[in-house]
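Single-structure report; data block below.
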There are 2 protein chains.
Amino acid sequence: MVQKYEESFESFLENFKNTVSKLGFKNSIQKDYILKILYFNDEHLSAEQIANIAKSEYKVDMGIATVYRTVKFFEELNIVNSLDIGDGAKRYELNLSLHHDHMICTSCNKILEFNDEVIEKQQIKVAKDNNFYLNDHIMTIYGVCEKCQ
Amino acid sequence: MVQKYEESFESFLENFKNTVSKLGFKNSIQKDYILKILYFNDEHLSAEQIANIAKSEYKVDMGIATVYRTVKFFEELNIVNSLDIGDGAKRYELNLSLHHDHMICTSCNKILEFNDEVIEKQQIKVAKDNNFYLNDHIMTIYGVCEKCQ
DNA sequence: ATTCATGCAAACGTTTTGCAACTAT
DNA sequence: ATAGTTGCAAAACGTTTGCATGAAT
């Protein structure tokens with residue numbers, strides 16, 4: 001439903017590492033693996049889940065503080081978005097894809113992504129009408145998914 | 001921009017108190033004042049702000065736990081909405097008005113309300129197309145307000 | 001009399017911070 | 001050599017809970 005730009009993880013990672021260097025920051029395996037975990041998981045992961053996957057799946061030691069610092073860093077570079085599904089812990093997702101919004105099932109907490117041209121355009125219009133310089137938007141629909149009904 | 005139903009606070013409060021009684025709960029000055037504070041403030045207030053206004057402006061003793069319990073109670077009755085502007089603390093607003101969404105200025109944190117027919121309708125369509133039983137939605141536009149540009 | 005609501009303080013879960021050791025440049 | 005990065009533990013923050021007291025019905 002939501003398309004990713006065609007790009008292999010390898011080229012994406014290389015690109016990212018160059019950016020990090022250019023900005024005067026340092027690369028690390030922690031940064032690499034957080035990126036990899038977000039890239040290869042369709043799920044929207046919490047900081048704790050990211051740290052757990054790093055440890056169990058990739059045997060990479062990763063403190064929770066590092067995860068929080070790194071996703072914040074990624075957010076500032078605009079390659080990660082965070083979202084609040086209302087259960088206390090923020091979820092993080094890679095921002096490779098076209099802009100999309102979320103539908104959250106209030107029964108099973110599952111997150112569906114969608115992207116809708118009409119909403120995208122209308123949001124630009126609303127901002128313009130209010131003399132608002134638009135940076136971003138989120139739209140989240142709450143309801144009950146097909147399975148849970 | 002966003003209209004309120006025509007109703008005085010007094011009649012609204014009386015109505016609310018009847019509902020509370022009917023449901024088998026008890027009325028209290030804390031409930032009354034939280035309602036009053038939300039009613040007469042255009043701002044979107046955090047739990048702490050509500051408690052502070054109660055104490056300073058109305059000389060009503062109000063523990064922070066009571067505020068949290070009460071706004072949760074109000075949310076369940078569907079007369080209060082909570083919103084996360086991304087700075088840690090949830091904000092609460094009375095749900096008297098027609099459904100509306102928010103524009104948040106990332107410079108001054110001011111919250112503007114708007115309501116847009118096209119977005120309302122399209123969100124219903126999106127849910128329907130995905131076999132999603134719609135309960136509610138939020139849309140938040142982030143940008144820079146006229147004053148801050 | 002019953003049951004709900006309250007304030008306080010303690011507990012909780014998530015996120016942030018200080019720090020000393022470490023690593024990339 | 002320098003400056004960013006890490007894991008750990010402690011702290012901070014918003015929110016929730018247990019409990020004894022108090023208030024509404």
Side-chain angles (χ1 to χ4, degrees), chain A residues 13-14 16-35 37 44-56 58-77 80-92 109, chain B residues 13-14 16-35 37 44-56 58-77 80-92 109:
Chain A
L13 181 60
E14 194 174 330
F16 164 75
K17 286 183 156 194
N18 285 338
T19 307
V20 170
S21 296
K22 266 184 214 144
L23 292 171
F25 295 104
K26 287 174 184 162
N27 284 294
S28 69
I29 50 166
Q30 285 82 359
K31 285 197 184 80
D32 296 354
Y33 274 96
I34 291 175
L35 224 40
I37 289 166
H44 299 76
L45 303 171
S46 68
E48 204 177 7
Q49 290 174 314
I50 293 170
N52 287 341
I53 292 174
K55 283 177 224 166
S56 65
Y58 297 107
K59 314 294 174 205
V60 177
D61 191 26
M62 196 177 293
I64 192 76
T66 299
V67 179
Y68 279 111
R69 281 187 286 234
T70 305
V71 293
K72 182 169 284 185
F73 176 73
F74 288 171
E75 276 194 271
E76 278 156 15
L77 296 187
V80 158
N81 296 323
S82 67
L83 59 147
D84 180 1
I85 70 165
D87 73 339
K90 272 192 187 145
R91 311 293 150 131
Y92 302 92
N109 271 336
Chain B
L13 181 59
E14 195 174 331
F16 163 75
K17 287 182 156 193
N18 285 337
T19 307
V20 170
S21 296
K22 265 184 216 146
L23 292 171
F25 297 104
K26 287 174 184 163
N27 285 293
S28 69
I29 50 166
Q30 285 82 358
K31 286 197 182 81
D32 295 355
Y33 275 96
I34 291 174
L35 224 41
I37 288 166
H44 299 77
L45 303 171
S46 69
E48 203 177 10
Q49 289 176 314
I50 293 170
N52 287 342
I53 293 173
K55 282 177 225 167
S56 66
Y58 298 107
K59 314 295 175 206
V60 177
D61 191 26
M62 196 177 292
I64 192 77
T66 299
V67 179
Y68 280 112
R69 280 187 287 234
T70 306
V71 293
K72 182 169 283 184
F73 175 73
F74 288 171
E75 276 193 272
E76 278 156 16
L77 296 187
V80 157
N81 297 322
S82 67
L83 60 147
D84 179 1
I85 70 165
D87 74 338
K90 272 191 186 147
R91 310 294 150 129
Y92 302 93
N109 271 335

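These figures come from a predicted structure and were not determined experimentally.
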What nitrogen or oxygen pairs link the protein and nucleotides 17-19 of chain C at under 3.5 Å?
unit_1 : atom_1 : unit_2  : atom_2 : d
C/dG18 : O6     : A/Arg69 : NH1    : 3.4

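Across the interface with DNA chain C, nearest-nucleotide mapping of A/Tyr92 and A/Ile29 shows A/Tyr92 to be the residue nearer the 5′ end. Closest-nucleotide positions on DNA chain D for B/Phe25 and B/Gly88 were compared, and the one nearer the 5' end corresponds to B/Gly88.
Note: CD1 (B/Ile64) to P (C/dT6) measures 13 Å, nearest angstrom. Rounded to whole angstrom, the span from the CD atom of B/Gln49 across to the C1' atom of D/dT15 amounts to 16 Å. One atom, CG of A/Asp32, and another, C1' of C/dA24, lie 12 Å apart when rounded to the nearest Å. Put simply, CG on A/Asp87 is 12 Å from P on D/dT16, counting in whole angstrom units. In this structure, A/Ile34 places its CD1 atom 11 Å from C1' of D/dT6, rounding to the nearest Å. Residue A/Asp84 contributes atom CG, which lies 12 Å from atom C1' of C/dT14 at whole-angstrom precision. Rounded to an integer number of Å, the gap from B/Lys17 NZ to C/dA5 C1' is 14 Å. What separates NZ of B/Lys22 from C1' of D/dT25 is a distance of 16 Å, to the nearest Å.
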task = Walk me through it: do B/Phe73 and B/Phe25 pass the test side-chain contact (heavy atoms from CB on, under 4.5 Å)?
result = CA-CA 10 Å; B/Phe73 175 73; B/Phe25 297 104; 3.7 Å; yes
task = Go through the steps for B/Tyr92 and B/Val67 under the test side-chain contact (heavy atoms from CB on, under 4.5 Å), then give the verdict.
result = CA-CA 11 Å; B/Tyr92 302 93; B/Val67 179; 6.0 Å; no
request  = Show the numbers, then the answer: is there a side-chain contact (heavy atoms from CB on, under 4.5 Å) between B/Asp32 and B/Val60?
outcome  = CA-CA 11 Å; B/Asp32 295 355; B/Val60 177; over 6 Å; no
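Across every non-hydrogen atom of B/Asn27 and B/Ser21, the tightest pair is ND2-OG, 3.4 Å. When all heavy atoms are compared, the tightest approach of A/Ile34 to A/Met62 is CG1-SD, 3.6 Å.
Residue contacts shown for B/Tyr68 include a base, since a base heavy atom lies under 4.0 Å away.
One finds the CD1 atom of B/Ile50 at 10.0 Å from the CZ atom of B/Arg91 (value rounded to the nearest 0.5 Å). One distance of note links CD1 of A/Ile53 with CG of A/Leu45; it measures 4.5 Å at 0.5 Å rounding.
Distances from the side chain of B/Asp61 to the nucleotides C/dC8, D/dG4, C/dT6 place C/dC8 closest. Distances from the side chain of B/Ala89 to the nucleotides D/dT15, C/dT14, D/dG7 place D/dT15 closest. For A/Glu48, the listed nucleotide lying nearest its side chain is C/dT14; candidates were C/dT14, D/dG7, C/dT6.
Of the side-chain N and O atoms in A/Gln30, one or more sit less than 4.0 angstrom from OP1 or OP2 of D/dG7. Look at B/Lys90 and you won't find any side-chain N or O under 4.0 angstrom from OP1 or OP2 of D/dT15. The side chain of A/Ser28 contributes an N or O atom lying less than 4.0 Å from OP1 or OP2 of D/dT6.
Checked options B/Glu75, B/Lys72, B/His44, B/Lys90; the residue passing with B/Ser82 is B/Glu75 (criterion: side-chain hydrogen bond (donor to acceptor under 3.5 Å, both in side chains)).
Contact annotation: side chain of A/Lys26 to base of D/dA3, donor-acceptor pair present below 3.5 Å.
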